[in-house]
Amino acid sequence: MAVAALTPAGKGQGHRRAGLARRIPARLLRTFAVLSVVLLAVAVAAVVQEWRAEWRQWQSRFAEGETAVHGGDGDTEQGIQQIWLPDLDRVDRCTSCHLGIASPEMKDAPQPFRGHSGPWLDSHRPDRFGCTACHGGQGEATTYRDAAHQPLPFWSEPMASRELMEARCGTCHQERNPPSTYWLARGRALMTDRNCVACHEIPGRDSEEVRAPRLDGLALKVSPAWLRGWLADPRGYLERSRMGDFRLRPEEIEALAAFLLQPHGVVEADEVDWTGADPERGGEIFRASRCVTCHSVNGRGGTLAPELAHVGAKVGRDWLYSWIRDPHRLQPDTLMPRFRFDDDQVRDLAAYIAEDLAEPKGLDANQADPDPDLAAEGRRIFERRGCYSCHELEGFPVRARIGPKLAGEGDRIVDPAPLVARGIEPTRPNWLFTKVSGPERVLETARMPTFGFAEDEAAAVSVALLSLRAQDVPPGRITRDPDRPPYEPQGEFGALVRRYRCLSCHQIAGTGGTLSTVVLDRIGSQLRRDYIEQFIQNPIAVRVGLAERMPHLNITAEEAALLAGYLSTVMVDDAVEAEVPRDAAAVARGKELFDRHGCQACHIVGDSGGFVGPDLNGSGQRLQPGWTVAWLLDPERWKPGTLQPDHGLTREEAEALTAYTLSLPARKAQVLP
Amino acid sequence: MTVLFAVALAAGCQRTPEVPPVDAVQEAFRDGELSARESHGRRVFAERCATCHGAEGRGDGQNAYNLDPPPPDFQESLDALSPEDRRRVIEGGTAALGRSALCPPWGRSLDELEVEALLAYLVVTSRPSGDEEETGPGRRRWRRPR
Amino acid sequence: MSEGPPRRRVVLTLGTAGLAAGGLGLLAALARSVVPDVLYEAPRRFPIGRPEDYPPNSVTLLPERRLFVFRTAEGFHAISAICTHLGCNVNHEEGHGFVCPCHGSTYDEDGDVTNGPAAWPLPRYAMSLSRRGELVVDTRRTVDPDFRLRA
């Protein structure tokens with residue numbers, strides 16, 4: 001163009017031009033030329049830069065690949081792609097480069113074109129959920145760097161690691177943990193276990209129960225020496241202590257102990273005559289009742305209740321007697337059942353636990369009143385550290401939350417100094433991790449106790465905390481369980497369920513413990529009534545390899561009949577059929593299927609077989625026929641995570657297998673009705 | 001002035017090289033040296049497989065001695081199986097390869113992610129354990145790609 | 001090319017040409033910047049699934065997109081489901097066209113108004129087939145009533 005302007009000019013024009021050129025001072029002319037060229041260069045650079053944008057290059061690469069595979073016709077998205085989510089206040093342009101993300105056939109393509117792994121996009125359509133809601137990062141950016149694929153200075157939400165992404169699941173999935181979220185589920189379980197909700201308001205978890213003993217009458221229960229040791233280091237006594245270490249100074253411990261050992265509330269111990277107590281017989285009762293299903297002794301046994309190896313150093317036998325005789329009188333919320341023992345059995349058992357396991361020292365319920373000034377100081381500590389948030393005590397409000405609300409914890413603005421001092425990257429997850437590991441590490445004067453989490457536990461709790469975001473999640477995006485009031489068993493049945501604390505281990509309608517693998521909701525469709533009745537009175541293990549076995553509660557025959565009657569008529573599932581054809585042909589066909597599918601690998605039939613599943617001898621006297629069919633057809637439906645594989649049986653096959661297993665006679669040695 | 005500058009320069013040079021800060025929470029997620037997928041596989045394995053195969057896949061689970069043929073030690077046997085065959089066994093049981101039916105099919109119980117994770121963990125179990133590694137020169141244990 | 005030194009003239013011409021080209025380029029860039037790459041809004045061009053998702057001779061309403069997708073013997077076409085009067089969702093009645101439940105506007109099968117109060121026809125949107133074999137609707141482009149996408 002420049003050349004064109006130069007050459008064809010007419011003569012006169014050329015003269016004028018030459019005249020102009022001559023009149024302008026040489027320096028000005030040169031400056032003008034240079035500036036013009038610079039301007040042109042800037043304009044060209046702008047075009048080139050726009051044309052060479054990262055996303056444009058990826059798009060042309062992608063189009064080349066697509067042409068190679070699908071041929072030249074058809075059209076592809078061009079230009080910046082974005083997912084616009086006004087309700088989440090997000091604009092995600094990730095799909096400008098991640099062009100194959102929604103195509104299953106791109107599963108093995110190189111990045112950035114790889115298709116999304118796993119089943120996630122089926123339930124979380126990209127156009128409804130975008131990318132950064134789950135993955136983090138800066139959605140509006142259109143370059144690798146700016147999108148915060150790697151941490152970016154001053155951008156607080158870089159793309160999350162696989163583990164930290166679980167926190168983002170938890171933001172919407174507030175109550176039930178979605179599948180494959182190991183860390184989130186674990187962190188939430190730990191938060192429940194350590195009673196976080198007692199001190200903090202936590203969105204979605206406010207209705208959780210707080211488990212801690214009532215402190216009324218503590219002087220009657222524990223030895224002062226034990227109490228001081230406990231306050232100084234709870235995990236020194238109980239490895240799995242749910243109470244944290246409050247990092248008390250020795251004088252604070254003295255004061256707090258003095259306060260706690262003052263008489264509080266109206267608690268009376270039962271009168272016991274210890275003459276004739278027989279600890280040996282107590283030991284037999286201890287073993288026969290299977291106390292170790294819930295309690296451990298020297299680390300062996302259950303995890304639901306406290307370790308008993310050193311309990312004699314903690315409590316005296318008088319208190320133990322009152323406790324075993326009626327735990328619910330002393331601690332109305334306890335998980336411990338009230339076993340049906342007679343008074344002599346209770347006495348022997350208390351004598352066994354108190355004497356054989358350890359001798360209490362310095363336990364004196366009638367000790368002189370502690371120094372009132374010291375006790376007053378102890379009371380102040382009790383209030384300041386919020387002990388009453390977990391522990392009930394006469395004269396204190398129930399569950400006053402002294403900690404801050406945890407909503408928005410996942411968006412907390414953190415002070416980097418304590419982390420930098422410890423050589424830790426000052427990110428938000430690391431700050432939470434450090435705080436959870438030891439609150440004094442980020443704030444020396446923290447009131448929160450140190451829970452003594454292992455590293456992986458602290459990481460799990462950090463994930464659960466990171467899920468609590470400041471921005472309100474649109475209600476339509478929160479998944480909640482349907483509002484279901486906790487199950488309250490009624491009437492005579494309810495009284496027995498409460499007395500024997502069935503729901504400490506078993507679940508009914510989502511309420512109850514998880515120690516037992518047997519959910520009671522449909523137990524009447526699973527087991528025969530006479531078997532239930534017999535089992536409740538004399539629980540024998542059906543699964544040989546199982547460590548947790550139902551304790552012997554000494555339930556009477558009348559109570560067992562009532563419980564079995566209720567369970568068999570009310571706790572049924574209509575999806576389970578009542579009867580199954582059980583002719584000889586079906587049995588023979590079932591036997592063949594049983595061998596073909598290798599069932600004996602896990603189940604005992606006759607004298608041989610594996611120890612994983614229930615012993616199948618005598619199934620006919622135990623099981624409702626329809627149950628086995630329903631179970632075999634879809635084990636995961638009834639018990640997610642079960643070891644029973646789904647063999648993909650047809651109904652006819654399942655019925656034949658049922659006919660076979662129900663035909664198996666009981667072994668002579670077995671105690672069956 | 002120059003003296004001051006020299007002093008400042010010397011002080012600057014003497015600063016000890018900084019240790020890069022650690023990403024504490026990410027370290028805590030790591031299960032030994034396993035990647036996220038491998039440790040997921042390890043959990044699935046512990047849940048569904050360890051009763052027979054043993055926690056480390058050495059064929060020493062508590063139910064192993066009830067089985068004939070017994071479960072193999074993956075350190076010795078896994079290499080003989082191609083990745084496709086491993087998947088077929090996980091999803092269809094050993095019967096899918098025409099062997100005994102003792103190892104059941106998990107294809108209908110596990111989702112795709114769990115199967116992938118299991119496959120990843122199987123590779124870990126088949127690697128020589130720590131003691132052998134120390135004697136073997138130049139052999140490194142698995143590392144998580146950063 | 002006498003004493004009026006040609007170098008001066010070359011420099012001047014070069015400068016002018018550079019200024020003009022650079023200025024034009026920047027003007028073009030300015031003009032381009034008026035047309036944004038993307039807006040904060042729902043995408044106007046979107047995939048609606050594969051052809052086989054739509055049975056032959058069927059009318060499918062996509063409620064989230066407010067769009068009717070027709071599959072006839074001649075091919076695919078898409079008609080907006082938003083009444084041009086006040087924006088209600090129109091209903092399709094087989095063989096009678098579209099009826100708006102709010103104020104009774106009616107349209108024929110091609111989306112042309114047969115009865116008010118609506119004044120304009122329902123827009124007919126361009127459709128295409130992506131390389132991955134997905135139907136794509138572009139609501140930025142309207143087409144003639146006889147448009148059919150063969151797939």
Side-chain angles (χ1 to χ4, degrees), chain A residues 117-120 151 161-164 179-180 182-183 419-420 422-434 436-437 453-460 462-463 466 544-545 595-602 604 608-613 634-636 640-648, chain B residues 18-32 35-44 46-52 61-71 90-95 99-117 144 146:
Chain A
S117 69
W120 306 113
S161 65
R162 162 74 183 75
E163 296 91 350
L164 287 176
S180 314
Y182 171 75
W183 296 101
L419 270 69
V420 172
R422 302 181 141 263
I424 297 173
E425 268 179 51
T427 63
R428 185 179 293 137
N430 281 340
W431 191 92
L432 288 172
F433 173 77
T434 312
V436 166
S437 308
F453 289 121
E455 285 219 329
D456 54 336
E457 290 177 327
S462 309
V463 170
L466 279 167
V544 189
D595 292 338
R596 195 200 313 155
H597 288 295
C599 306
Q600 69 277 15
C602 294
I604 298 178
S608 64
F611 288 177
V612 182
D634 194 357
E636 288 285 326
T642 178
L643 279 176
Q644 166 73 44
D646 183 344
H647 286 276
Chain B
E18 272 183 39
V19 186
V22 293
D23 195 349
V25 72
Q26 215 55 45
E27 293 287 320
F29 285 132
R30 294 172 60 171
D31 179 5
S35 70
R37 173 171 289 186
E38 286 161 351
S39 42
H40 179 202
R42 184 190 170 104
R43 295 193 292 273
V44 178
E47 223 171 84
R48 312 265 185 166
C49 316
T51 30
C52 296
Q62 56 163 336
N63 193 45
Y65 69 97
N66 293 317
L67 304 179
D68 182 28
I90 291 173
E91 289 178 348
T94 30
R99 303 186 188 168
S100 83
L102 293 184
C103 188
W106 291 111
R108 293 177 202 82
S109 312
L110 301 178
D111 65 33
E112 176 59 26
L113 279 185
E114 290 171 318
V115 174
E116 294 278 347
R144 179 185 193 209
R146 293 278 299 190

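Lettering follows sequence order; numbering is per chain, from 1. Just so it is clear, the model here is predicted, and its values are computed rather than measured.
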With only heavy atoms counted, which part of [X] is less than 4.5 Å from chain B, the side chain, the backbone, both or neither?
{"X": "A/S608", "answer": "neither"}
{"X": "A/H647", "answer": "both"}
{"X": "A/R422", "answer": "neither"}
{"X": "A/V463", "answer": "side chain"}
{"X": "A/P119", "answer": "side chain"}

Based on non-hydrogen pairs under 4.5 Å, which of A/T642, A/L643, A/V420 is most in contact with chain B?
A/L643

What residue in A/S462, A/S437, A/A459 has the most heavy-atom pairs under 4.5 Å with chain B?
A/A459

Contacting moiety of [X], where chain A heavy atoms sit under 4.5 Å:
{"X": "B/A95", "answer": "neither"}
{"X": "B/R37", "answer": "neither"}
{"X": "B/S100", "answer": "neither"}
{"X": "B/L67", "answer": "side chain"}

Non-neighbouring partners of A/Y182 that pass ring pair (Phe, Tyr, Trp, His ring centres under 6.0 Å), sequence neighbours left out
none

What distance do [X] atom [atom1] and [Y] atom [atom2] have between them, rounded to the nearest 0.5 Å?
{"X": "B/E47", "Y": "B/R42", "atom1": "CD", "atom2": "CZ", "result": "14.0 Å"}
{"X": "B/D111", "Y": "A/E636", "atom1": "CG", "atom2": "CD", "result": "10.0 Å"}
{"X": "B/D68", "Y": "A/Q600", "atom1": "CG", "atom2": "CD", "result": "10.0 Å"}
{"X": "A/E425", "Y": "B/Q26", "atom1": "CD", "atom2": "CD", "result": "9.5 Å"}
{"X": "A/L164", "Y": "A/W183", "atom1": "CG", "atom2": "CH2", "result": "10.5 Å"}

Donor-acceptor under 3.5 Å (A/D646 side chain, A/D634 main chain)
no

A/F611 versus B/Y65: any side-chain heavy-atom pair under 4.5 Å?
yes

